[in-house]
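Heads up: the structure comes next, in structure tokens.
All residue numbers refer to positions in the sequence shown, counting from 1.
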Amino acid sequence: MTYPNCSANATVCSGTSCLEPSSNANEILSLVLSTVLTVMLAIVMFSMGCTVEARKLWGHIKRPWGIFIGFLCQFGIMPMVAFLLSLAFQVQPIQAVAILVMGCCPGGSGSNILAYWLDGDMDLSISMTACSSILAMGMMPLCLLIYTTMWTSTSAVQIPYDSIGITLVALLIPVGLGIYVKHRWPKVAKKMLKVGAIMGTLLIVIISVVGVILYQSSWVIAPSLWIIGTIYPAVGFILGFLLARIVGQPYYRCRTIALETGFQNAQLCSTIVQLSFTTEELEVMFSFPLIYSIFQLVFAFGIVGGESFIVARKLP
């Protein structure tokens, strides 16, 4: 059956709604985007590795209480909150997967900068970021397997575990190289930090601009996805802080753990989503990592501003 409102090359039609195959230009642009994202994210992860001193990392591993709390927050609280929010707002299955991928991502390097501004425990922040990046190789697929069963069991969506796993393993290599460079050539590592900061900023801009061009319909979404993207990072910050206080961590460590919990690696999430899912799926799910990254920055800068105001009021 043909529909008068659909073009001749439409592949799926339902009334006046048609799905047309993407043009060759879009396919080429998508391939270029995937390549650029992979290279730039590898540089960002390499620069993150350049912040890690092997001796201090080993010290935290030998006394892992802070890292263990961060692990519980990162791979216990955040995926569970993502699952509960997806259920509460009844989002589409593929959108729930995007929310869960974000929830399973390790902390980003931005949390290290914010920990410095908030006078947090920098060694703990860097160690947590490095450890969560390594552990994500196994924990992200495991959390996705546990929490997406209700959607994947009906064949509504398929999780490309092989693609996600390959991406995570590949990104561990630049982290390891960065740690080695920090150990052997500290001055070079210091310069790479600036390169990584610039690349991280450019990565967000490129993802936003090209994503809007490639997946225009991904921004025509239900308000529920915007609401989740708004409250999710705030919930992460609050629960991370509360858990750290419950187990008796000092305030400066609580701030650090809160930042590592709520401030996710949005660039990694966007890259995994771009490399792992089809164009049709990306049209529905690509916007969420960008929404989350916007509001995690808003809340993070709000925390920094509030802390600065409190400190200024205490000064004579």
Side-chain angles (χ1 to χ4, degrees), residues 17 19 30 33 37 73-74 77-108 110-111 114 140 143-144 147-148 150-151 156-157 159 200-201 203-241 258-259 261-274 276-306:
S17 299
L19 177 65
S30 180
L33 176 62
L37 287 183
C73 293
Q74 197 78 61
I77 289 177
M78 292 301 281
M80 182 179 65
V81 171
F83 175 73
L84 294 176
L85 287 173
S86 299
L87 284 182
F89 288 93
Q90 298 182 336
V91 299
Q92 297 180 38
I94 195 65
Q95 291 174 336
V97 171
I99 296 168
L100 280 161
V101 170
M102 176 60 79
C104 298
C105 275
S111 61
L114 292 166
M140 181 183 289
C143 289
L144 288 175
Y147 286 109
T148 61
M150 67 174 297
W151 293 294
V157 61
I159 309 295
T201 304
L203 194 55
I204 293 174
V205 173
I206 290 173
I207 290 171
S208 303
V209 173
V210 182
V212 169
I213 296 172
L214 273 177
Y215 313 115
Q216 296 178 23
S217 63
S218 68
W219 294 98
V220 185
I221 54 177
S224 58
L225 212 60
W226 283 96
I227 296 171
I228 293 173
T230 303
I231 64 176
Y232 191 12
V235 171
F237 289 132
I238 293 169
L239 292 181
F241 185 90
L259 287 171
T261 304
F263 205 94
Q264 301 291 79
N265 194 333
Q267 298 101 318
L268 175 61
C269 179
S270 295
T271 304
I272 288 175
V273 167
Q274 171 68 27
S276 303
F277 295 92
T278 65
T279 303
E280 289 77 13
E281 291 169 332
L282 287 170
E283 289 281 358
V284 184
M285 67 192 300
F286 192 80
S287 61
F288 183 78
L290 302 179
I291 295 171
Y292 187 98
S293 64
I294 291 169
F295 287 102
Q296 77 173 0
L297 284 171
V298 170
F299 286 116
F301 284 122
I303 294 170
V304 171

Nearest heavy atoms of Cys143 and Cys104, plus distance in Å: CB-SG, 3.4 Å
Heavy-atom closest contact (Leu225 atom, Ser287 atom, distance): CD2-OG, 4.2 Å
By side chain to side chain contact (heavy atoms under 4.5 Å, CB included) - contacts of Pro106 (at least two apart): Ser132, Ser133, Ala136, Leu268
Do any side-chain atoms of residues 227-240 form donor-acceptor pairs under 3.5 angstrom with protein atoms, and if so which ones, sequence neighbours left out?
residue : atom : partner : partner atom : Å
Thr230  : OG1  : Trp226  : O            : 2.7
Tyr232  : OH   : Met78   : O            : 2.5

Nearest heavy atoms of Val101 and Met140, plus distance in Å: O-CE, 4.0 Å
Least distance between heavy atoms, Gln74 atom then Cys105 atom: NE2-O, 2.9 Å
Non-hydrogen side-chain atoms of Phe89 and Ile99 separated by less than 4.5 Å: no
Rounded distance [0.5 Å steps], CG in Leu259 versus CZ in Phe241: 10.5 Å
Spacing of Ser293 atom OG and Met102 atom CE [to the nearest 0.5 Å]: 6.5 Å
Min side-chain heavy-atom separation Phe263-Leu297 under 4.5 Å: yes
Where Pro79 and Leu100 come nearest, the two heavy atoms and their spacing: O-CD2, 3.5 Å
Minimal non-hydrogen separation, Tyr292 against Gly262, with atom names: OH-O, 2.6 Å
